[in-house]
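Note sheet for the following structure.
Chain naming here is simple, since letters A, B, ... match the order of the sequence lines and numbering starts at 1 in each. Values in this document were obtained by computation on a predicted structure and should not be read as measured data.
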Number of protein chains: 2
Amino acid sequence: MMIHIATIKEVAKYANVSVATVSRVINKKGYVQKETQTKVEEAIKALNYRPNNVARSLFKKQSKMIGYIVPDITNPFFPQLVRAVEDVTVAQGYTTFLCNSDDNLEKELMYLNKMAENYIDGVIIVSNHMNENHLANLQIPVVALDRVFHESIPSVTIDNYREAKRAVMHLVENGCEKIAHISGPENIINSQLRKKAYQDVMMALDRPMYISEGHYQMKTAQEATFRLLHEHKDIDAIFTGNDVMAVGALKACTKLGIKVPNELQIIGFDGIEWTETVSPEITTIAQPIYEMGKKAATMLLNRINGNEEGQDHIVFPTELKMRETTKH
Amino acid sequence: MMIHIATIKEVAKYANVSVATVSRVINKKGYVQKETQTKVEEAIKALNYRPNNVARSLFKKQSKMIGYIVPDITNPFFPQLVRAVEDVTVAQGYTTFLCNSDDNLEKELMYLNKMAENYIDGVIIVSNHMNENHLANLQIPVVALDRVFHESIPSVTIDNYREAKRAVMHLVENGCEKIAHISGPENIINSQLRKKAYQDVMMALDRPMYISEGHYQMKTAQEATFRLLHEHKDIDAIFTGNDVMAVGALKACTKLGIKVPNELQIIGFDGIEWTETVSPEITTIAQPIYEMGKKAATMLLNRINGNEEGQDHIVFPTELKMRETTKH
DNA sequence: CTGAAATATGTAACCCGTTACATACATTTC
DNA sequence: GAAATGTATGTAACGGGTTACATATTTCAG
């Protein structure tokens, strides 16, 4: 039994009016007499009519869809961001298009192209590689999230450098002497900034530096911690470039029988849920992840609707969540 | 500087051919002379032409987009599933539409409608509420993932009842006497099946039952564990309805100073990454999450292409990951 | 009472591709 | 050498909406 999907023409015929009138009723736009409106509404109901968004998009050159490019949805930092964006946009009648770029410029551009081909109304991007040129011939409003990639593109971020300094200072204030850092990938701006913050604080205080690369991953960070602690037994604190790596560092300590926070303190960065699943719970610099997603979505929607916002680069404050891996 | 997006007509004019010829070149379909093809390709390059997918969809009634409805992307079980689906579909030129339903039938139907309006080619759904009728007038291939919701809808799942029994039996075999269960929400089929498995095993072995509801959440499961252990101090094992709750149970034990696995053993269900982030690492029944997503995507693509698959209800095997919260 | 403004509805062009069909020439077949 | 087949390209209808413009009727101010 093939079900037929009604078109506006059929509705018009059924209601004995023209397609223009049906369109006016659907969009509540232009003059329509009360009775006519009722007739049309009845026809719509009778034929179970739903306007076809593809046809609509073709004419209007907009789709009521927004795109969302993240490096990798399995990274626990992103689902909340995605969720926030969706919550905001759905409320305004938009649907969301999700794409995983693997931090790969080619994929990002491929997706951007696909989006353009589909008259996507706007895009939220988390990227390190994108620049103005890539977006210039796109003609679509864009908001950068989590990472600024060009000053001309509005963004929602935190001050990674400043907040990372705060994390390190928290360890210093807690009396730590030998503070190590497990850094994230070289090619990710935020991880560079966080590392630089660590280095600058150590430099300023004339302290030794112990840095090992943890690739933003738990397992790798665990190994990095083993290495670090093996070479420098007197390390008494670790600042990791993100929370995932803090979990790895904590695991390493647990395996080595090092008491956290008594013998060694740990502070992470991001504020993902993982920090609360482990014992002891991890002290971290928490980004207002959901709020940031919401803000980015709101900014994007404003731009789509032509209400340019004054503020182009929103920098959110973070919260130092003092938990169980640091003394306070 | 307003950038103009070239249409097929402009390409045709530039190359001095008709739109039909351009279309033939783009789609590599029908006869085109070598020289003409080159001319057209040059025109495409010169005008930076990209075919408009909206117009194409309108005519072909298909969009090269597939939809994906999950209860909540922030539940750590889903990102991997989503990722797997995307990996498969993108390789075939499809893009993914992500929707969070909050396990709410109305939202699910709303999204399904949106998808139909956009000529989405197929949908993968994780749902408890959907039934045949909801999908009947949709005319879109559907594959159910993680949960079967109707026998007429192809599905990719595991045997929740059998595997949950296996989990409980693992505790029994490890010598546990008083086994408790922290259950998931009543309205989720899988959580009911897992609970029933626990009850049936206990019944068969004539053991006492201790059940507390944990809502699939860490915090709630932690409280449920406190309650359970407060009332029954001799409980020596807990089977939780999912891994998130296993983490909650473990936290409760840690806080109460109960040694895991020596005084109390814990086994979870699902195989999410959380089980490896905590110490001790949690023993669990691991679903091949990524593989399941991949399979579901492949099945869907086959259906979209008209290659009905013989097998309609794929049931994947699981793996009992023996880790540190049970003795073996 | 007349002309302007507001209300109500229809016709047809348009958005941008795809493809059925028509046309024309080249090649093959018997 | 005529008919059949293959190659190459163009014309125009079509998909399902939106909207500019035309037309007709009603309302209202002066």
Please write out each protein N/O paired with an N/O of nucleotides 25-28 of chain D under 3.5 Å, distance rounded to 0.1 Å.
none

Please write out the pairs of protein N or O atoms and N or O atoms of nucleotides 5-8 of chain C separated by less than 3.5 Å, giving the distance to one decimal.
residue	atom	partner	partner atom	Å
dT7(C)	OP2	Y31(A)	OH	2.6
dA8(C)	O3'	Q33(A)	OE1	3.1

Find every protein N or O atom lying less than 3.5 Å from an N or O atom of nucleotides 23-27 of chain C, and list the pairs.
none

May I have the list of side-chain donor-acceptor pairs in residues 29-47 of chain B shorter than 3.5 Å, sequence neighbours left out?
residue	atom	partner	partner atom	Å
Q37(B)	NE2	E41(B)	OE2	3.1
T38(B)	OG1	K34(B)	O	2.9

Listing, residues 71-83 of chain A side-chain donor-acceptor contacts under 3.5 Å, not counting sequence neighbours, or none:
residue	atom	partner	partner atom	Å
D72(A)	OD1	T74(A)	N	3.0
D72(A)	OD1	T74(A)	OG1	2.9
D72(A)	OD1	R83(B)	NH1	2.9
D72(A)	OD2	T74(A)	OG1	2.8
N75(A)	OD1	F77(A)	N	3.0
R83(A)	NE	D87(A)	OD1	3.1
R83(A)	NH1	D72(B)	OD1	2.9
R83(A)	NH1	D102(B)	OD1	3.0
R83(A)	NH2	D87(A)	OD1	3.3
R83(A)	NH2	D102(B)	OD1	3.0
R83(A)	NH2	D102(B)	OD2	2.9

**Message:** Test salt bridge (charged side-chain N to carboxylate O under 4.0 Å, His left out) on R147(B) and D103(B); report intermediate values, then the result.
**Reply:** CA-CA 12 Å; R147(B) 309 171 197 178; D103(B) 252 319; 3.6 Å; yes
**Asked** Should T95(A) and F97(B) be marked as a side chain to side chain contact (heavy atoms under 4.5 Å, CB included) after you check the CA-CA gap, both sets of side-chain angles, and the distance that decides it?
**Response** CA-CA 8 Å; T95(A) 36; F97(B) 222 90; 3.4 Å; yes
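Residues passing the side chain to side chain donor-acceptor pair (under 3.5 Å) test with S127(A), sequence neighbours excluded: E108(A). Residues satisfying the side chain to side chain donor-acceptor pair (under 3.5 Å) criterion with S155(B), sequence neighbours excluded, are H313(B). With sequence neighbours left out, E117(B) forms a side chain to side chain donor-acceptor pair (under 3.5 Å) with R50(A). In this structure N52(B) satisfies the side chain to side chain donor-acceptor pair (under 3.5 Å) test together with Y119(A), sequence neighbours excluded.
Legend: side-chain hydrogen bond (donor to acceptor under 3.5 Å, both in side chains) pairs involving residues 53-63 of chain B, not counting sequence neighbours, sorted by first then second residue: N118(A)-N53(B).
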**Prompt:** Reading nucleotides 11-20 of chain C 5' to 3', which nucleotides get B (base under 4.0 Å from a protein heavy atom), which S (sugar-phosphate only), which -?
**Reply:** BB-BBBBBB-
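Per the geometry, CG belonging to N16(B) stands 19 Å off P belonging to dA8(D), to the nearest Å.
When the shell of 6.0 Å around OH of Y290(A) is examined, it contains more than 12 heavy atoms from other residues, nucleotides or ligands.
Overall bending of the helix from dC1(C)-dG30(D) to dC30(C)-dG1(D), expressed as the angle between end axes built from five pairs apiece, is 30° (10° steps).
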